[in-house]
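A quick write-up on the structure given underneath.
Because the structure is a prediction, the values reported are computed rather than measured.
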Amino acid sequence: MIKAMLNVENNQDIEAPDDKYLMFKVVAVVGILGACRLEELEMSLNNIEDLGNTLVVNIPDSKTRVSRTFTVITETYIDLYRKYLALRPAHVNHQRLFIKYTSNKCTIQPVEINIFGKMPTDIARFLKLPNSELYTGHCFRRTSASLLADSGANLCTIKRHGGWKSSSVAEGYLEDSLENKKRIACHILPNNCPSSNNSEIEHINNIFEIYWKNYVGYNF
């Protein structure tokens with residue numbers, strides 16, 4: 001899953017060039033922040049509202065018939081979305097957000113679901129990660145839920161974020177969360193844990209930042 005990329009230490013100076021990876025970056029922003037299923041990435045332009053300092057993204061009903069809304073509030077990610085949108089040809093005759101992109105140009109063809117499914121593998125290859133073929137289309141969604149669980153989010157928040165009706169899947173992310181296991185250990189043996197659990201959350205945020213620097217990038 002994409003979260004494994006966050007722990008790669010030898011990619012600190014890598015920045016994916018926009019002429020090849022701009023669309024990948026926008027998909028990663030939307031896919032991870034929205035915990036998107038592959039079919040949900042086939043969203044329409046009408047699903048995104050640009051409020052200036054915030055993007056409000058509405059994910060239409062899909063597998064569970066539960067619509068969800070999330071926001072993008074980081075200026076650099078908003079600018080990334082706008083840069084991609086500005087390259088959209090005027091004669092596109094459909095409303096699909098993601099259209100094919102190459103060499104700083106967009107075509108009129110919508111991105112097919114199988115292309116979304118291959119993107120995590122392509123990202124892993126760019127970062128020179130071993131077993132890149134194991135990074136599947138589910139990585140966007142799993143990464144989002146795992147990062148949320150690691151941040152200390154409760155079951156209800158994770159369920160709401162991912163649109164899960166059942167608690168079992170969300171509980172799985174909580175159970176698998178390493179940071180959650182560390183917090184439990186601190187409750188059991190408080191004298192043997194760090195002085196503040198905030199340091200653990202900051203550590204996760206720093207790792208997340210490394211991923212965005214390496215792949216999504218800060219300099220657009």
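The CG atom of Asn47 sits 8.5 Å away from atom CG of Leu97, with the distance rounded to the nearest 0.5 Å. How far CG of Leu147 is from CD1 of Ile32: 7.0 Å, rounded to the nearest 0.5 Å. Atom CG of Leu33 sits about 7.5 Å away from atom OH of Tyr77, to the nearest 0.5 Å. Separation of atoms NZ (Lys25) and NZ (Lys20) is listed at 12.5 Å; rounding is to 0.5 Å. Taking CG of Leu80 as the reference point, atom CG of Leu55 lies at 10.0 Å (rounded to 0.5 Å). To the nearest 0.5 Å, atoms OG1 (Thr71) and CD (Glu49) are separated by 12.0 Å.
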Quiz item: Would Glu133 and Asn131 count as a side-chain contact (heavy atoms from CB on, under 4.5 Å) if you check the C-alpha gap in whole Å, the side-chain angles of each, and the deciding distance to 0.1 Å?
Solution: CA-CA 5 Å; Glu133 69 281 357; Asn131 302 314; 4.0 Å; yes

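The salt bridge (Lys or Arg N to Asp or Glu O under 4.0 Å) test applied to Asp19 returns no partner, not counting sequence neighbours. Ser103 is linked by a side-chain hydrogen bond (donor to acceptor under 3.5 Å, both in side chains) to nothing, counting only residues two or more places apart in sequence or in another chain. Take Phe116 and apply the ring-ring contact (aromatic ring centres under 6.0 Å, His included) test, not counting sequence neighbours, and it matches Phe98. Every side-chain contact (heavy atoms from CB on, under 4.5 Å) that Lys100 has, sequence neighbours left out, goes to Thr107, Gln109, Val111, Glu112. The side-chain contact (heavy atoms from CB on, under 4.5 Å) check on Asn46 picks up Ser44, Gln95, with sequence neighbours excluded. For Tyr101, the side-chain hydrogen bond (donor to acceptor under 3.5 Å, both in side chains) criterion is met by Asn104, not counting sequence neighbours. Under the side-chain contact (heavy atoms from CB on, under 4.5 Å) criterion, Ile99 pairs with Tyr84, Arg88, Pro89, Val92, His94, Cys106, not counting sequence neighbours. Among residues two or more places apart in sequence or in another chain, the side-chain contact (heavy atoms from CB on, under 4.5 Å) test is passed with Thr157 by Leu148, Ala153, Asn154, Arg160. Ser167 pairs by the side-chain hydrogen bond (donor to acceptor under 3.5 Å, both in side chains) definition with Lys159, not counting sequence neighbours.
If you chain together hydrophobic residues whose side chains sit under 4.5 Å apart, Phe70 and Ile73 never meet in one group.
Residue-environment remark: CG (Leu45) exceeds the threshold of 12 foreign heavy atoms within 6.0 Å.
Taking both residues in full, the closest heavy atoms of His161 and Ser144 are given as NE2-OG, 2.8 Å, listed atom of the first, atom of the second, then distance. The two residues Ala16 and Phe126 make their nearest non-hydrogen contact at CA-CZ, 3.4 Å. Ser132 and Arg125 make their closest contact through OG-CG, 3.3 Å (heavy atoms, listed as atom of the first residue, atom of the second, distance). Counting all heavy atoms, side chain and backbone alike, Ala124 lies closest to Tyr135 at CB-CD1, 3.5 Å.
A donor-acceptor pair shorter than 3.5 Å cannot be found between the side chains of Thr74 and Thr76.
With Arg68 contributing its side chain and Ala35 its backbone, the two residues share a donor-acceptor pair below 3.5 Å.
Taking Ile, Leu, Val, Met, Phe, Trp and Tyr as hydrophobic and joining them when side-chain heavy atoms fall under 4.5 Å apart, one finds Leu51 in a cluster with Val56.
You'll find the side chain of Arg82 reaches within 4.5 Å of the side chain of Asp79, heavy atoms only. Contact check for Tyr81 versus Val30: no side-chain heavy atoms found under the 4.5 Å cut-off.
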